[in-house]
There are 2 protein chains.
Amino acid sequence: MTALPPTVADRTEAELISTIQSHLQPPPDWVVVGIGDDAAVLEPARSRLEVLTVDALVEGVHFDRRFTPPEAIGHRALAVNLSDLAAMGAEPRCALLSMALPASLSLADFERLAAGFGQLAARHRLHLVGGNLTRTPGPMVIDVTVIGAAKRRGVLTRRGARPGDDVYVSGAIGGAAAGLRQLRSEGAGTTLTGPAERYLRPEPRVRLGTLLGRNRAASSCMDLSDGLADGAQQIARQSGVGMIIEAADIPIDAAARARFTADGDDPVLAAVTGGDDYELIFTVRPRLRGRLRTVGRQADTTITRIGVCTPGSAVVLRHGGQDAPMPRGYGHFR
Amino acid sequence: MTALPPTVADRTEAELISTIQSHLQPPPDWVVVGIGDDAAVLEPARSRLEVLTVDALVEGVHFDRRFTPPEAIGHRALAVNLSDLAAMGAEPRCALLSMALPASLSLADFERLAAGFGQLAARHRLHLVGGNLTRTPGPMVIDVTVIGAAKRRGVLTRRGARPGDDVYVSGAIGGAAAGLRQLRSEGAGTTLTGPAERYLRPEPRVRLGTLLGRNRAASSCMDLSDGLADGAQQIARQSGVGMIIEAADIPIDAAARARFTADGDDPVLAAVTGGDDYELIFTVRPRLRGRLRTVGRQADTTITRIGVCTPGSAVVLRHGGQDAPMPRGYGHFR
């Protein structure tokens with residue numbers, strides 16, 4: 001007889017919560033009531049607005065356990081939410097973690113998942129103040145709610161772009177989509193290259209987002225969870241502007257470009273329609289370029305101008321001398 | 001050929017969000033940025049602490065679509081969270097709704113679910129400010145995060161009970177457990193009696209909870225999501241007291257008592273170990289009975305004294321002249 005490794009079904013909810021807590025920093029004094037009561041109680045941040053967002057990762061939709069290490073699942077579940085806060089210019093404060101777990105999940109994997117979550121949380125001084133654990137007869141579902149704070153004048157939305165504003169993107173794009181291709185075709189056993197790491201452990205642009213907000217440098221901002229094509233179109237639609245995006249100026253991850261080309265795809269189209277990059281797209285009034293340079297010097301990522309906002313509503317990709325409508329983005333639902 | 005009814009897979013995420021919004025009240029002016037951006041932005045409530053909680057309903061674990069109408073799923077997903085706020089003495093402010101939906105879910109059922117959520121939200125002046133929709137290859141999962149507000153001195157926790165405090169429970173218990181038995185054995189086609197309605201559409205004790213907090217009448221409080229046996233033991237453990245609960249004084253729903261008796265069960269044991277009642281258990285210093293009477297006159301439910309806190313840590317059920325340890329509660333995880 002072989003002893004099976006213990007699973008989450010061998011533990012009570014209280015024991016699993018203790019496991020999570022062992023990966024957390026001690027709570028700050030603004031947490032009045034933390035984990036363990038009917039709800040968490042917090043002091044609001046002084047003179048700040050509250051910024052709230054929730055995002056879910058579903059096994060088989062947003063990650064594949066065959067090639068996504070448990071630490072990466074925990075990291076990504078939090079990163080996608082931190083990216084939303086960054087897009088609003090908000091500083092992270094706290095999170096709620098709600099997990100539906102299959103009874104077959106090993107305790108070891110559960111602990112690694114908690115470790116991945118805890119490490120990213122500690123790096124951004126974000127405190128887990130509550131959550132929920134339940135079993136599920138289906139795939140794992142991880143829901144994270146994150147609460148941040150921003151000054152009223154530092155809030156970034158998708159609505160402030162005007163014709164003439166320049167369009168920028170942070171970092172390089174396409175890496176996550178290329179990484180997912182690599183993981184799907186080669187599995188997790190291979191030595192991971194940059195793109196696979198980009199997919200598994202995206203780095204939310206929290207510092208850039210808060211700098212853009214605090215310096216009032218951006219007229220609109222959004223994260224690229226569903227790709228650059230989607231981001232450009234969302235900002236254009238919600239701001240009531242058009243855009244011309246210069247394909248040649250888009251910073252495409254070098255390894256991703258090589259992968260897309262080897263696969264016979266147009267690297268620009270593959271990069272702009274690929275999801276999961278968690279970079280920021282934002283617009284800047286031309287007279288505020290000086291402020292943007294200040295932000296750029298303090299940010300931990302590059303910033304690249306990729307186009308301009310125009311009157312009207314057309315979002316155009318200028319590619320190889322031709323203007324074409326920006327393709328549709330990556331849709332998580334359909 | 002029969003045309004199949006449309007499902008959620010026939011709509012974009014934006015269209016589904018519009019359907020939800022059609023069941024919501026217009027947002028109040030403290031919602032600075034609502035649904036449709038990377039995150040919601042709110043003005044905090046003045047001179048209040050923030051109270052946050054999240055809870056998930058998983059199809060096949062917390063509800064069975066064969067006998068739970070979609071409106072009831074939407075209602076319960078919110079009600080279980082409002083019950084947690086009530087247990088803290090907090091007034092509801094806003095919610096985030098995150099749903100993982102099977103592609104087979106009909107649009108009609110999706111809309112009924114949104115209607116059930118929206119009706120309960122409107123009754124408690126709670127505003128949906130954001131959320132997430134994703135598909136799932138597994139069972140439906142509905143995660144609701146609720147944010148409320150409470151004055152610092154009005155926050156109720158599980159930790160304040162002292163020996164000598166009286167123990168109270170709101171309403172009547174056992175109804176939801178009996179209702180679930182009825183639904184499981186007879187299905188949804190039957191005429192629903194009180195207990196089935198109690199299970200399907202629990203009424204969170206928001207008014208009672210906020211009155212207890214505002215009047216500083218209770219020394220501890222918790223909701224009965226996992227049953228009275230669990231609630232008594234949690235308050236005892238977290239407050240560092242024991243309890244004697246008088247079985248004869250426990251208000252058991254009359255129809256539930258009849259059902260448990262007909263099934264050959266001890267009605268007291270069935271009622272205290274049954275979950276899903278969403279009543280409140282709370283403790284009151286004897287000298288504050290006058291305040292409690294004031295609360296009782298304004299609350300929309302009955303309040304019954306069922307026991308007393310004692311020194312030590314034993315939680316005792318005094319039943320038919322015998323003292324026995326309180327049975328274990330209903331465990332949602334194991």
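The sequence lines fix the lettering, A, B, ..., with proteins before strands; numbering per chain opens at 1.
- In this structure, B/Asp226 CG and A/Glu13 CD are separated by 7.5 Å, a value rounded to the nearest 0.5 Å.
- Taking 4.5 Å as the limit, every side-chain heavy atom of B/Ser98 sits out of range of all side-chain heavy atoms of A/Thr145.
- No other option in A/Val155, A/Asp223, A/Leu156, A/Val141 has as many heavy-atom pairs under 4.5 Å with chain B as A/Asp223.
- Interface residue B/Ala56: backbone and side-chain heavy atoms are both found under 4.5 Å from chain A.
- In this structure, the side chains of A/Leu49 and B/Leu42 stay at 4.5 Å or more apart for every pair of heavy atoms.
- Scanning all heavy atoms of the two residues, the minimum distance from B/Val33 to A/Met88 falls at CG1-CE, 4.3 Å.
- At a 4.5 Å heavy-atom cutoff, the contact between A/Glu59 and chain B is made by backbone atoms alone.
- Side-chain atoms of B/Arg158 and A/Asp38, non-hydrogen and from C-beta on, do get closer than 4.5 Å to each other.
- Within the 4.5 Å cutoff, the side chain of B/Pro137 has heavy atoms near those of the A/Val58 side chain.
- Minimum interatomic distance between B/Arg135 and A/Val61 (heavy atoms only, all atoms of both residues): O-CG2, 3.5 Å.
- In this structure, the separation between CE on A/Met222 and CG on B/Asp37 is 8.5 Å, given to the nearest 0.5 Å.
- The 12-atom threshold is exceeded at CZ of A/Arg65, counting heavy atoms of other residues, nucleotides or ligands nearer than 6.0 Å.
- Highest contact tally toward chain B, considering only A/Leu85, A/Ile147, A/Val146, A/Thr157, is held by A/Thr157 [criterion: heavy-atom pairs under 4.5 Å].
- When A/Leu52, A/Asp55, A/Val51, A/Leu97 are compared by the number of non-hydrogen pairs under 4.5 Å with chain B, A/Leu52 comes out ahead.
- Counting heavy atoms from C-beta on, the side chains of A/Arg48 and B/Glu43 never come closer than 4.5 Å.
- The shortest side-chain heavy-atom distance between B/Val32 and A/Arg152 falls under the 4.5 Å cut-off.
- Considering only heavy-atom pairs separated by less than 4.5 Å from chain B, the leading option among A/Pro139, A/Ala87, A/Ala100 is A/Pro139.
- Proximity of a side-chain donor or acceptor of B/Gln238 to a complementary backbone N or O of A/Gly36 within less than 3.5 Å is detected.
- Using a 4.5 Å heavy-atom cutoff, the side chains of B/Asp143 and A/Val54 are not in contact.
- The minimum heavy-atom distance linking B/Pro44 with A/Pro44 is given by the pair CB-CB, 4.2 Å.
- Heavy-atom distances place both the backbone and the side chain of A/Ala40 under 4.5 Å from chain B.
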